Structures are given as C-alpha cells and as structure tokens.
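A quick write-up on the structure given underneath.
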Amino acid sequence: MVMSVIELTVGWYRDHKRDLPWRHPEAGAWGVMVSEFMLQQTPVSRVLPVYELWLARWPKPGDLAAESSGEAVRAWGRLGYPRRALRLHAAATAIATGHGGVVPASYEELRSLPGIGDYTAAAVASFAYGRRHAVLDTNVRRVLARAYSGAQYPANTVSAAERELAKRILPEQASDAAAWAAASMELGALVCTAKAPRCEQCPVAALCKWRESGYPEHTGPARRGQSYAGTDRQCRGALLAVLRAAHIPVEAETLFAAWPDEAQRGRALQGLLTDGLAVRTADSRYRLP
DNA sequence: CAAACGTGGCC
DNA sequence: TGGCCAAGTTT
C-alpha cells in the first residue's frame, strides 16, 4: 500500500523521537506549557536544565503565581528574551485565578493568555490535550515548504496559503492530528533541518517535492539577520544579569558598570523599567520586580 | 508588516 | 570571524 507523507512521518517519529521530559506523561499540561514558553526561539539543549529547575520548584501554575515575577525572571537565567519569564508568570497567575489552577485545553482560552500566540496555543492544545490543530512552527513550515511546495524555505511570515495547506492535510482524527504535529516538528528539528538536511535518513524523501525538483535554492528575500553584539539588546541583557545576581537593590552606578556606553545603558534601563523587568525603589535603587 | 526582543553554538 | 539559526510574541 502507498503511504502518505503524514503516515510515513508519524511512523518515523515512533522510532526516532527524542526522550524529552515534557513528553513524559507526568509533565502534564503545565510542563508542556512551560516547555513551549522556553522553547520559543531557543534550542532544546539550553532549555533542558532550566526546565527541570522550574518544574521542580513550581510543579503547578499556582506555585509560580504565588511567587514574585522577579523570581521567575531570576530563574529564567540566561535563556534569553526574559519577557517570556514575565509573561509565563502572568499566564500562571491568570490560570490560578481564572481557570481553577488548570491549564485550559481550548485554543481560544490558551490564546488569550499572555505570551501565548497562535503557535503556542495550538501546540499546548495539541501536545497536552490531543486537540486537533494545525501547529505551524518554523520546523513544520520548513517540512511543508519542502515536501509539499517544493521550496527550500518558507516565506518570512506565515501566509494564508500556508495555513490552508496545513489545515487541508490535517488528519481528521484528533489523535492523528496531534501525532502529525509532534512528528512533523521532530522531523524538521532532526532531519529536515535548515542548513544541512539529512535527506538520506528522511522517511518522506521519495515523496518530497523539493527533492524531486532537484533541490532548487531559495529565491526571494533573505531572512533579516539579527545582529547582537553592541546592540541595545545586549546592553539590556548585561544590566539584567546584574539584577538577577543581586539579592538586594543595587545603585545605578553598580548597574552601569556592566556597560560602557552611557547613552545606551540609560536607554536600556528605561526599557527594562517600561517592560516591568526592573523596578526603581523609593531610594532610587534598582531590583527585579 | 517590520522591528524589537537574548543568548550561545556552529561552520 | 561573523553571519546564520533556534518549538515566537507583541507592538
């Protein structure tokens, strides 16, 4: 019998999926949700240790909600994009107060929580609750682009056509759809990678349109490079690192010792205050919220 | 829609 | 060495 891309991918996943803690049954929906926040734009290898610490310290949403948001930021460590820690704390608070302490199962309820966009809502509903949703992350988008559209890379932003394709091929049965979501993400992460795809190991190589077309190279605009060295972002990171390490409020002088450029560090501190990642005390010192 | 938002590893 | 890339969201 002829197997489809979806069937082949799900079969491959059964034998090749990584043993990740948030895939264990005991992780629960909260574990899945925490992992999804941490994995936004962040590699699995860097998430693993922080995830373990978080789940041990805050096994339920209410446990995190009971702490200050600053503790969430501190425990976030160097994962990057620390506003995610703030939003995860805010989401936990919303779950504790408005959802009986239980991570909601519906896409709409999840989507309304801070820090949860289209991808994360679909992912939590699918992975934690087996709901039927098109889960479109960078991995899945690349797999679809190659296997179905014959392109090396998807466009910079998700297109309507892409969503339609994802919905069109989504298995009818919710459990099958959830299996496909997990499997296609894993395929994109391990085999159908951005740089050097392992087509020899790919379960759908024989059906891949990109391969069939002779691997045409990407046309169209390159992805915007994200510089970092010397940027305001790096400056913010340096200042926040000082606040994370300090357990009493620090002087502006102490904070500013972490960065040479005067104009930049002033901008960065204001940004941290505006974002709620730092607060000024009555005696004009600074600390985590 | 583009820009802002961290950080580290890899080729 | 430096650009690219990593399970995105918000404004």
Side-chain angles (χ1 to χ4, degrees), chain A residues 13 17-18 20-23 27 31-51 73 76-88 90-91 110-128 133-144 152-160 178 181-190 192-197 218 221-244 258-259 264 267-268 270-272 274-278:
Chain A
Y13 180 68
K17 68 175 175 182
R18 290 168 291 179
L20 301 171
W22 44 87
R23 288 177 176 165
V32 171
M33 181 174 147
V34 170
S35 76
E36 290 303 336
F37 269 79
M38 292 183 171
L39 287 163
Q40 290 167 6
Q41 300 284 281
T42 309
V44 167
S45 59
R46 303 222 338 262
V47 166
L48 283 171
V50 185
Y51 171 87
V73 173
W76 198 253
R78 303 187 64 79
L79 271 188
Y81 292 139
R83 288 190 292 193
R84 290 182 292 168
L86 237 35
R87 292 178 181 141
L88 180 50
L110 287 163
R111 185 67 181 76
S112 73
L113 296 172
I116 296 194
D118 180 55
Y119 161 74
T120 303
V124 173
S126 180
F127 301 153
H133 290 287
V135 178
L136 269 186
D137 82 317
T138 188
N139 291 306
V140 177
R141 294 186 62 215
R142 191 170 52 247
V143 168
L144 294 183
Q152 184 180 24
Y153 297 121
N156 283 335
T157 57
V158 181
S159 68
S184 53
M185 279 182 67
E186 192 77 335
L187 187 68
L190 299 182
C192 195
T193 52
K195 268 191 294 182
H218 181 67
R223 196 190 291 195
R224 267 192 76 78
Q226 38 180 325
S227 55
Y228 181 60
T231 60
D232 284 7
R233 285 156 83 174
Q234 187 181 27
C235 179
R236 284 168 58 108
L239 300 191
L240 193 60
V242 174
L243 294 183
R244 279 200 310 266
W259 194 260
Q264 213 170 18
R267 248 192 339 265
Q270 185 50 56
L272 292 174
T274 300
D275 291 348
L277 284 164

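Numbered from 1 within each chain, the chains take letters A, B, ... in sequence-line order. No experiment lies behind these values; they were computed from the predicted model shown.
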**Verdict with reasoning, A:Gln264 to A:Trp259, per side-chain contact (heavy atoms from CB on, under 4.5 Å)** = CA-CA 8 Å; A:Gln264 213 170 18; A:Trp259 194 260; 2.8 Å; yes
Where the side chain of [X] is concerned, which of [options] is the nearest nucleotide?
{"X": "A:Thr138", "options": "C:dA7, B:dG8, B:dC5", "result": "C:dA7"}
{"X": "A:Gln41", "options": "B:dT7, B:dC5, C:dG8", "result": "C:dG8"}
{"X": "A:Arg84", "options": "B:dG6, C:dA7, B:dT7", "result": "B:dG6"}
{"X": "A:Arg18", "options": "C:dA7, B:dC5, C:dC5", "result": "C:dA7"}
{"X": "A:Pro43", "options": "C:dA6, B:dC10, B:dT7", "result": "C:dA6"}
{"X": "A:Tyr153", "options": "C:dG8, C:dC5, B:dG6", "result": "C:dC5"}

Can you check the distance between [N] and [M], where both ends of the measurement are the [atom1] atom (answer in whole Å)?
{"N": "B:dA2", "M": "C:dA7", "atom1": "C1'", "value": "23 Å"}
{"N": "C:dT11", "M": "B:dG6", "atom1": "P", "value": "14 Å"}
{"N": "C:dG2", "M": "B:dC5", "atom1": "P", "value": "23 Å"}

Quiz question: going by heavy-atom distance under 3.5 Å, is there a donor-acceptor pair between the base of [N] and the side chain of [X]?
{"X": "A:Thr42", "N": "B:dG6", "answer": "yes"}
{"X": "A:Arg46", "N": "B:dG8", "answer": "no"}
{"X": "A:Arg83", "N": "C:dT10", "answer": "no"}
{"X": "A:Gln40", "N": "C:dG8", "answer": "no"}

**Message:** Once you apply a heavy-atom cut-off of 4.0 Å, does A:Ala194 come out as touching a base, just sugar-phosphate, or nothing?
**Reply:** sugar-phosphate
**Asked** For the residue pair A:Val32 and A:Ser35, what are the closest heavy atoms and their distance?
**Response** O-OG, 2.7 Å
**Request:** Starting at atom OH of A:Tyr81, determine the distance to atom P of C:dT9, rounded to an integer number of angstrom.
**Result:**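 Going from A:Tyr81 (OH) to C:dT9 (P), I get 12 Å.
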**Separation of C:dA6 P from A:Arg141 CZ (nearest whole Å)** =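 Those two atoms, CZ and P, are 11 Å apart.
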**Message:** Within the 3.5 Å criterion, strictly below it, is a donor on A:Gln40 or A:Tyr119 matched to an acceptor on the partner's side chain?
**Reply:** no
**Message:** Quick check against the 3.5 Å criterion: does A:Arg46 have a side-chain atom that pairs as donor or acceptor with the backbone of A:Arg78?
**Reply:** yes
**Prompt:** OP1 or OP2 of C:dT9 sitting under 4.0 Å from any side-chain N/O of A:Thr120?
**Reply:**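 Checking A:Thr120 against C:dT9: at least one side-chain N or O falls below 4.0 Å of OP1 or OP2.
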